[in-house]
Amino acid sequence: MCGIIGKTGINNVVPELINGLKSLEYRGYDSSGIAVINNGKIGRFRASGKISELEKELEKYRPESEIGIGHTRWATHGSPTKENAHPHVSPNGKFALVHNGIIENAEEIKKTLLPPDREYSSKTDTEVAVHLLEKYYDGDPVKAIVSACKEIKGSYAFGILCEDFPNTLFAVASASPLVAVKGEKESYIASDLCAVREKADLVYRLTEGEICSIEHNEIKFFDSEGKEIEKSADKISVDAQDLDKGEYEHFMIKEIMQQPQAVRNTIESLVSKGKIILPEVSITKGFFKNEISEIVIVACGSAYHTGLVGKNVIEPLCKVPCNVHIASEFRYSEPLVNENTLAVFISQSGETADTLAALRLAKKCGAQVLSVVNVEGSAIAEESDNVIYTKAGREIAVATTKAYSAQLIALYALGIFIAKQRGKITSEQERNFVEEMKRLPQKIGETLELVNEDVKKLAKEIFQSPDIFYIGRLSDYATASEGSLKMKEITYINSQVYAAGELKHGTISLINEGTPVVAIASQCGIFSKTLSNMAEVSARGAKVIAVTDEELRGDVTDADEIITVKNTLKEFKSSLLVLPLQLLSYYTAKLRGCNIDKPKNLAKSVTVE
Ligand code: G6P
């Protein structure tokens, strides 16, 4: 949510700031801006809309400088206008600042710490930060940053320029990600490694209010009190392939097609010799065997849907109650979790603010905490005692696909692992699960190929529909939930999901002649029940699209279209059923001319509440 880039070097930094912002656009893309220091003065350039609008603005002035900061915004406080775009500049023009996060007490700061007659040039929460820097500045920017940050409640990563230090870039971060890297003749800050990963081998991650001051050949670190500290760096691993669309038109379709590999890599990291291994989980066998009383899964968005699938696999396998919570609800509830609870947090980015807050709450309550995370070194991974890393690689499209599929594998593995520790499955059953799991990457590849053309055709039939419904039962309901979210987030069609049996309690009145209803029907024991629900909507004129597998296809009735995926164990079916749903959203969005990789109003990582 919001992207920050900063550079100090020995050449003109403007082209690199723009390139950096383009690679960060997935974090927010409703306005952008840069600030540089030229001839000892701060110059600022901003535009609302995409970064191409900022480029047009820069074309007029052609600024050049060896130091600068840039920002791409996802609006929280204040609409996405030029006035609200970052950087913000202090009233005396000495400081320019970019911000990722939320200043929760901005109004209070205005009332209690800043002059009552002060005028503000934006409606943002951020602007108070730059006013505070001016207030506390006495010639030492680090001291001013320490004092300003002490007044701020909320989350922040700031990139800062100070006119009196025309060769030094300053940055500070607390509960919002920020990295610093030092190249040979240039140094950078960024809210995401992707913007700077090719510039150096080592990365420093700022946490807990740490501050850095950066010159082109030197970085100094300070703690939140302003005391200089030594900081260790992490090695950067670059997977350049992930940053390029290659032969594909969009990252989303590329990432859909990368799913066999994402799943294979995740499985390989979690199985060995026919058994599940969880290398970064140190919870004792005794906990799983005797102490565990409940599993809670907490997440947001698509990761929440993986949790729903996980519940339907884990609970019956492990015979432990498993409940799934939306992180933004969980964090403000009074959860009955304790030392006998296994609390599982799922997050692709490892940055989602609500999931992180929920994790901290569960820890405080004494729960055993385990996270399923795609981004190594992310806040959620760092704060978890136990982690299962999904190996999806970097995901760029805002709508998740390959990370979702990798998360499913992590939850299957967790379920099988716990079931084995608890003696609920035998070694032979574990081996059978592992064998079938290892066949999944191939089955995913085959299913994608099998359904692709049918789904493309189907998209042509439904893309003008104002509404679409998804139904299913148990894990099919979980898969339907993900299919429905995918559809609404990238096509903007009003898409709703319902537990199939719940339809007749209201929803059915929304079904009109030709309304598409996607029915996921893959669970043998309740197959006939879902068929009845399909018949009910069909009788009211719906266009019924059944999504099932080869085993059950012959028994489907009352469907206008049938999409068929490969067979697998019932526990793993969601991994195949979700594929046509991802493709259906993708092709529908394409026909509707939507901005598929960067849907309106959304952001890939949500670091604010
Ligand atoms: C955003 C993304 C979703 C994602 C959700 C949770 O809403 O657009 O695709 O599922 O955040 O993100 P996380 O990184 O925690 O999985």
Side-chain angles (χ1 to χ4, degrees), residues 1-3 25-30 74 76 100 155 175-177 191-194 251-252 255-256 262 266 297-310 324-331 344-360 371-384 387-390 392-411 478-479 481-492 495 578 581-582 585-586 589 594-609:
M1 197 133 279
C2 297
E25 233 181 341
Y26 77 94
R27 298 182 73 94
Y29 33 80
D30 56 34
W74 188 88
T76 54
N100 177 19
S155 58
S176 281
S191 49
D192 189 316
L193 196 52
C194 74
F251 279 109
M252 184 178 176
E255 289 162 2
I256 288 174
T266 307
I297 302 181
V298 185
C300 301
S302 293
Y304 170 74
H305 297 150
T306 0
L308 292 179
V309 176
V324 193
H325 302 267
I326 292 169
S328 54
E329 292 286 302
F330 183 88
R331 68 179 288 190
V344 180
F345 298 86
I346 310 171
S347 176
Q348 185 286 128
S349 62
E351 280 184 22
T352 304
D354 285 319
T355 311
L356 183 58
L359 183 153
R360 289 177 179 154
S371 295
V372 175
V373 178
N374 198 40
V375 179
E376 289 190 28
S378 56
I380 291 176
E382 293 287 292
E383 292 200 24
S384 301
V387 186
I388 300 179
Y389 284 109
T390 46
R394 196 177 158 70
E395 197 176 56
I396 303 223
V398 166
T400 181
T401 51
K402 63 175 179 171
Y404 176 88
S405 285
Q407 286 165 356
L408 289 181
I409 299 298
L411 291 184
T479 308
S481 302
E482 175 58 7
S484 172
L485 177 65
K486 240 17 3 121
M487 182 61 83
K488 76 181 98 179
E489 64 185 344
I490 64 166
T491 69
Y492 319 139
S495 171
V578 76
L581 307 186
Q582 296 169 339
S585 315
Y586 174 76
C594 298
N595 188 348
I596 293 179
D597 287 335
K598 293 176 196 154
K600 72 173 180 205
N601 301 341
L602 300 182
K604 179 103 190 125
S605 81
V606 182
T607 53
V608 296
E609 280 191 51

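Whatever order the structure lists them in is the order used to number ligands and atoms, beginning at 1. Predicted model only: the values in this text are computed from it and were never measured. Quick note: numbers below take in every heavy atom, side chains included, and nothing from hydrogens, waters or symmetry partners.
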Enquirer: For Thr390 and Gln407, does a side-chain donor sit closer than 3.5 Å to a side-chain acceptor?
Expert: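 Side-chain D/A pair, Thr390 to Gln407: absent.
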
Enquirer: Check for a donor-acceptor pair, side chain of Ser371 on one end and backbone N or O of Val373 on the other, with a separation under 3.5 Å.
Expert: no

Enquirer: Can you name the salt bridge (charged side-chain N to carboxylate O under 4.0 Å, His left out) partners of Glu329, sequence neighbours left out?
Expert: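 With sequence neighbours excluded, Glu329 shows a salt bridge (charged side-chain N to carboxylate O under 4.0 Å, His left out) to no residue whatsoever.
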
Enquirer: Please test Glu383 against Leu356 for side-chain contact (heavy atoms from CB on, under 4.5 Å), starting from the C-alpha separation and ending with a verdict.
Expert: CA-CA 8 Å; Glu383 292 200 24; Leu356 183 58; 4.0 Å; yes

Enquirer: Run the numbers for me: atoms of ligand 1, each under 4.0 Å from some heavy atom of Thr400, listed by number.
Expert: 9 (O)

Enquirer: Of the choices Val398, Thr306, Thr401, which has the non-hydrogen atom that lies closest to atom 9 (O) of ligand 1?
Expert: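 Among Val398, Thr306, Thr401, the closest heavy atom to atom 9 (O) of ligand 1 belongs to Val398.
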
Enquirer: Distance under 4.0 Å to a non-hydrogen atom of Ala303: what atoms of ligand 1 satisfy this?
Expert: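 Numbered from 1, ligand 1 contributes 10 (O), 16 (O).
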
Enquirer: Within the 4.0 Å heavy-atom shell around Ser302, which atoms of ligand 1 are there?
Expert: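 Heavy-atom distances to Ser302 below 4.0 Å select 10 (O).
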
Enquirer: Are the side chain of Glu395 and the backbone N or O of Thr401 linked by a donor-acceptor pair below 3.5 Å?
Expert: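 Between the backbone of Thr401 and the side chain of Glu395 there is a qualifying donor-acceptor contact (under 3.5 Å).
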
Enquirer: Give yes if a backbone or side-chain nitrogen or oxygen of Gln348 is under 3.5 Å from a nitrogen or oxygen of ligand 1, and no if not.
Expert: yes

Enquirer: Is Ser347 in polar range of ligand 1, meaning some N or O pair under 3.5 Å apart?
Expert: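 Yes, since at least one N or O of Ser347 sits under 3.5 Å from an N or O of ligand 1.
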
Enquirer: Below 4.0 Å from ligand 1: does a non-hydrogen atom of Ala399 turn up there or not?
Expert: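 Outside the 4.0 Å threshold, so no.
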
Enquirer: Not counting sequence neighbours, which residues clear side chain to side chain donor-acceptor pair (under 3.5 Å) with Thr355? List them please.
Expert: none

Enquirer: Counting both backbone and side chain atoms, is some N or O of Thr352 under 3.5 Å from an N or O of ligand 1?
Expert: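 Yes.
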
